[in-house]
Amino acid sequence: MSFLERVEQACAAFIERTFAKTFPSDLEPAQIARKLVATMEARTRGAEGHMSAPGAYIVYVNPEDFARLAEHQAYLEREWAELLRDLAGRVGIRFLEGDPNIEMTPRESIPAGAVEVTAVGEATVPIDVAIPRPPSARRFHLRMIKGVPAYGVYFVEGRARIGRSEESDVFLVDPSVSRTHAVVEVDGVEPLVRDLGSTNGTFVNGERIEARPLRDGDELMFGNTRMRFEMSGA
């Protein structure tokens, strides 16, 4: 089992046990937990057996979401830290600052229901990446059907890179997705999706493709993540 598969398996088990049935809200602590894991994974350096990652993280949420979660803040921060400690122990990650520490804080610029996670001492790296809405009459976006975050809608303009690399325009927290998995292009005669040599392939309506024009309502699959391509306007 690969490093990422072990992380995802342990993360899923912990979240089911700790958060999934306790906080049925718009911004789930489980969603925040997954973004913390994604940030830790993205910041991990070194070869297996000698891996290290930052231990201190700040979770930024909208003030309304913060007000709703503030009653449980101390509990949540402890549980998130325990999740990272548990995962690190399972896959052999050493924290640079000792035991992990999580701090949740409100930020006006964060949309309701979204979250940003920053490793302390580094520039803010948004985990939910939304591609700007195009100014033209035709609008294109990818809507999450199955994946993380479950509520994700990504507006596409020009060329959108899809993958597990946080440099991707559509950043997917899915170990079955390649770091550079596929690209959706909407600036040509017709929109299309192109696989970029991914390990597990790109599928359109259940068929594996190398490149395929897209129609409104087409269902795309990248690894285990499913999304629907939607267009509107003239």
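Atom OH of Tyr60 sits about 14.0 Å away from atom CD1 of Ile32, to the nearest 0.5 Å. How far CD1 of Ile162 is from OG of Ser198: 10.5 Å, rounded to the nearest 0.5 Å.
No continuous path of hydrophobic side-chain contacts links Leu192 to Phe222 [ILVMFWY only; heavy atoms under 4.5 Å]. Met221 and Val156 fall into different hydrophobic clusters, where Ile, Leu, Val, Met, Phe, Trp and Tyr side chains are chained together by heavy-atom contacts under 4.5 Å.
Under the 4.5 Å side-chain criterion, counting only non-hydrogen atoms from C-beta, Asp99 is in contact with Arg85. A heavy-atom distance below 4.5 Å is found between the side chains of His181 and Thr202. Leu69 is listed as a side-chain neighbour of Pro29, based on a closest heavy-atom distance under 4.5 Å. Counting heavy atoms from C-beta outward, Val37 and Thr39 have side chains that stay 4.5 Å or more apart.
Glu71 CD: 12 or fewer foreign heavy atoms inside a 6.0 Å radius. Within a 6.0 Å sphere centred on CD of Glu64, heavy atoms belonging to other residues, nucleotides or ligands number 12 at most.
At distances below 3.5 Å, not a single donor-acceptor pair connects side-chain atoms of Asn205 with backbone N or O atoms of Asp218. With Asn200 contributing its side chain and Ser176 its backbone, the two residues share a donor-acceptor pair below 3.5 Å. Proximity of a side-chain donor or acceptor of Glu77 to a complementary backbone N or O of Met104 within less than 3.5 Å is detected. Of the possible polar contacts, none joining the Asn101 side chain to the Ala56 backbone as a donor-acceptor pair under 3.5 Å is found. Side chain of Asp169 to backbone of Arg161: a donor-acceptor contact under 3.5 angstrom is found. In terms of modelled atom types and a separation under 3.5 Å, the side chain of Ser178 and the main chain of Thr199 share a donor-acceptor contact. For the pair Arg164 (side chain) and Val177 (backbone), a donor-acceptor distance under 3.5 Å is present.
Between Glu190 and Arg215, at least one side-chain N (NZ, or NE/NH1/NH2) sits under 4.0 Å from a carboxylate O, which counts as a salt bridge. In summary, Asp65 and Arg68 engage in a salt bridge, as defined by a charged side-chain N under 4.0 Å from a carboxylate O. Comment: Arg139 does not engage Glu230 in a salt bridge, judged by the lack of any side-chain N to carboxylate O separation of less than 4.0 angstrom. Using a 4.0 Å cut-off between charged side-chain N and carboxylate O, Glu210 and Arg194 make no salt bridge.
Applying the ring-ring contact (aromatic ring centres under 6.0 Å, His included) criterion to Tyr57, with sequence neighbours excluded, gives no partner residue. Applying the side chain to side chain donor-acceptor pair (under 3.5 Å) rule to Arg226 yields the partners Glu219; only residues at least two apart in sequence or on another chain are considered.
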Exercise. Carefully, step by step, assess Phe155 and His141 under the rule ring-ring contact (aromatic ring centres under 6.0 Å, His included).
Key: CA-CA 4 Å; Phe155 291 93; His141 60 269; 5.2 Å; yes

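The aromatic rings of Phe229 and Phe140 sit parallel, their planes meeting at an angle under 30°, below the 60° perpendicular limit.
In terms of heavy atoms, Glu108 sits closest to Asn62 at O-ND2, 4.5 Å. Smallest separation of non-hydrogen atoms from Met227 and Val170: CE-CG1, 4.2 Å. Here the closest non-hydrogen pair linking Thr180 and Leu196 is CG2-CD1, 3.6 Å. Contact detail for Ile93 and Met40: the closest heavy-atom pair is CD1-CE, 4.1 Å.
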